[in-house]
Every structure is written in C-alpha cells, then in structure tokens.
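Just below is one structure, and these are the notes that go with it.
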Amino acid sequence: MYAKCGSLTEAQMTFDRLPDKNVVSWTALITGYAKQGEGHLAIECFYKMQQQNLKANELTFSIILNVCGSIEDLYLGRKIHEHIVGNNGFECNIGIGNALIDMYAKCSSLEEACIVFNKLPSKDVISWGSMIAGFAQHDEGLYALQFFESMQCWLKPNKIIFLSILKACGTIGALDQGRRIHEKILESKLRLDIIVGNALIDMYANCGSMNEACGVFNSMSDRDMISWGAMVAGYAQLGLLDSAVVYYEGMQCCGIKPDNLTFTAILTACSHVGLVDEGWWYFTVSKNCIGIIPNESHYNCMIDLLSHAACLKEAEEQATLQPN
RNA sequence: ACAACUAUUGUCU
C-alpha cells in the first residue's frame, strides 16, 4: 500500500518490521521501487530476495525485466532471461514472454525480441503491441507495418496498437499507409479521443502534410499541450516559422503555457531557416516573459542555430569570393 | 488466500 502511494520510505520501514517476509512482500516492495523509477533499488531488492533463498515468481520477473528495459540494461536483462529459462517453467508464460519482448525492444535488441516473439506458443495483443512499438521507436517503420498487417490475421488492433503504428508511419514518412490507418480508426468504433487525435496530428505532421494535420486539429473538441506542440513541431520541421508561431501563440491565447519541448521546436524552426535574430528574440523573450528556463536542448538548438548561420555566412563569403 | 505485471501521443541530440 505504501509503495503504491509512492511513499517508499514508509513502505521500506513497514517491510523491515515484517516478521516473515515472503515473495509477495518482496515483490510488493520491488514494484514500489520500480514504479518510482528507482530501478537500481528495485534490482538491489531482487538480489537481496534471492539471497534469502526465496524464489521469484512470474510477477517478480516481469517487474525486474521491466526495470531492465527502462534503464536499458541489456546485460542484466539477458542474465535474467537465462535464469528464467534455466530455473523455471516460465519461458512459455505469456506475461513473461511479453515482458522479455519489451525488455529486448527497449534495450534496442530487436533481433532478440523477435526470437522471443517467435518462440511464444500463443501471442496476445500485448505481444504484438510490444513488437510494433519496439520497431516504431527504433525507426523500423517498415517492420512495424509488416507486423501490423500480420497481426490482423489473428487479432483486432486496439487503441494502443493504432498509436504505435501511427508513430511508425510518421517516422518513415508513410503518408498513404498513415491515411489508411486513419480510415481504419474511423471504421473501428474507437473513440477519437485527445490521445488518438494527437497521434494523428503527429503522424501527418511527420509526413509533412500539415493540411491534414490541421484538419485533425480543427476537428478535435479538446486540445492539450501535445496537440498544440505537435502542430508547432510540424511547421517547425518544415521551416515554416510563421505558421509555427501562430500555434505557439495560439496555445498561449488558450491559456496553455508552452513547455520546454514546444519551445525547443520553435528554436528548431529558427535554426532550420537560419533566422539568428528571431532565435535570439524567442530565446530572450521566453526566458524573461514566459518564464521558460533554458535547458540543455535549448542551448543545443542555439548552438546549432549559430553554427548553421556562421556556416551560411562563410558560404556566402565563399560564394562572393569565387571568380564565377 | 494476500502483492498484479507487460505495449501507447509533441522538441532537440
């Protein structure tokens, strides 16, 4: 209970006072640490538990695998995998299998994720979803699309599958495929909520079709920071600073304060077009008026902008110096 | 019996 409420100190204290600690109490504590992003503490608990000669169960393993994925510790993930194969009959368990797929995908080893996937005797929507998301996140949109197609011989895609596949279409600029998936979403009785809407905007924006992104944006009844941010980013990518700024200011008119990510997109737009003065202006104004504290990405953008501009100047000089 | 896990939407690198 304490672990779930995010009070880990109390969870730990209660745990320490328990006269008999069993797998359930250890797993509850490990889950608490994992959920709070304290991956290393979760792993430490996992080792301590084993020192007590307590055998981890399916749940303990899936949580630890999840931790391996989030801290991208492929080495430990493989060790746990071997341990599971060697000591328990869990390798055919779908929950463990899915956790393994996700772990390998998050650790960028899609080959190993694939091996686990192929070995799974029965695959559910989460098994497919973990693969598709893994491909989408590693710029392997074509594989994601292939898996998406094959999956439909067996299962109906759910909302999460659609979100992943839209992402995949965006990363490879597959506009036609994206449109077809948009239609499929409309055909399915899935509610076109803010998250699906945002994913559609993002897909169209990444495919460079701001008209369609705009269409989705306008059709939405509710919009959040991500909806606006995706529009800003879309125009920014194309170097259309003016349009990006329309949405950047639009969101502020709607009472949504741009965050660091939105602001980075604006600076990117300036950098793509080489607008040094505008970049500086937004950098200064946002710092002073909106209260955005520049972070590393912002400085990176500014460095990009300035070096890009310097190159252009040099290039211009070169061009004028050239005899013809 | 008690813990119940795992895939998902915006920026730069």
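These numbers come from a predicted model, not from an experiment. Convention: sequence-line order gives letters A, B, ...; per-chain numbering from 1.
Among the atoms of the strands shown, base atoms are found under 4.0 Å from some heavy atom of A:T264. Using a 4.0 Å heavy-atom cutoff across all strands shown, A:N57 reaches at least one base atom of the nucleic acid. Using a 4.0 Å heavy-atom distance criterion, A:T27 is classed as a base contact. In this structure, A:M225 reaches the bases: a heavy-atom distance under 4.0 Å links it to at least one base atom across the strands shown. Counting non-hydrogen atoms under 4.0 angstrom, A:T268 reaches the backbone sugars and phosphates but no base. Within the nucleic acid shown, A:N158 comes within 4.0 Å of at least one base atom, counting heavy atoms only.
You'll find that the side chain of A:L59 is closest to B:C5, out of B:C5, B:A7, B:G10. You'll find that the side chain of A:I160 is closest to B:A7, out of B:A7, B:U11, B:C5. Among B:G10, B:C2, B:A7, the nucleotide with an atom closest to any side-chain atom of A:L261 is B:G10. Residue A:D102 places its side chain closer to B:A7 than to any other of B:A7, B:C5, B:U9. Relative to the side chain of A:A133, the nucleotides B:G10, B:U6, B:U8 differ in distance, and B:U8 lies closest. When each of B:C2, B:G10, B:C5 is scored by its nearest atom to the side-chain atoms of A:S62, the top-ranked nucleotide is B:C5.
Residue A:D224 places no side-chain atom within donor-acceptor reach of the base of B:G10, judged by atom type and a 3.5 Å distance cut-off alone. In this model, no side-chain donor or acceptor of A:N66 finds a partner on the base of B:A7 within 3.5 Å.
If you take CZ of A:F135 and P of B:A7, they are 17 Å apart, rounded to a whole angstrom. When the P atom of B:A3 is taken as reference, atom CZ of A:F46 falls 21 Å away, rounded to whole Å. Rounded to whole angstrom, the span from the CZ atom of A:F61 across to the P atom of B:A3 amounts to 20 Å. Here B:A4 presents its P atom at 18 Å from CH2 of A:W26, a figure rounded to the nearest Å. In this structure, OH of A:Y33 is placed 16 Å from C1' of B:A3, rounded to the nearest angstrom. To the nearest angstrom, C1' of B:A4 lies 13 Å from CD1 of A:I30. Atom C1' of nucleotide B:U6 and atom CH2 of A:W128 are separated by 17 Å, given to the nearest angstrom. Look at CZ on A:F263: it is 11 Å from C1' on B:U11, rounded to the nearest Å.
Using modelled atom types and a 3.5 Å distance limit, the side chains of A:Y204 and A:H182 yield a donor-acceptor pair.
The side chain of A:Q137 places no N or O atom within less than 4.0 Å of a non-bridging phosphate oxygen (OP1 or OP2) of B:A7. OP1 or OP2 of B:U6 has not a single side-chain nitrogen or oxygen of A:K106 nearer than 4.0 Å.
The minimum heavy-atom distance linking A:A205 with A:G234 is given by the pair CB-CA, 3.8 Å.
When each of A:I84, A:D102, A:N98 is checked for a side-chain contact (heavy atoms from CB on, under 4.5 Å) with A:L65, only A:I84 meets the rule. When A:Y143, A:F117, A:F148 are each tested for a ring pair (Phe, Tyr, Trp, His ring centres under 6.0 Å) with A:F135, only one passes: A:Y143.
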**Request:** Dump the intermediate steps for salt bridge (charged side-chain N to carboxylate O under 4.0 Å, His left out) on A:D176 and A:R180, then the final yes or no.
**Result:** CA-CA 6 Å; A:D176 282 334; A:R180 278 204 273 140; over 6 Å; no
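Rounding to the nearest 0.5 Å gives a distance of 11.0 Å between CG of A:N206 and CG of A:L175.
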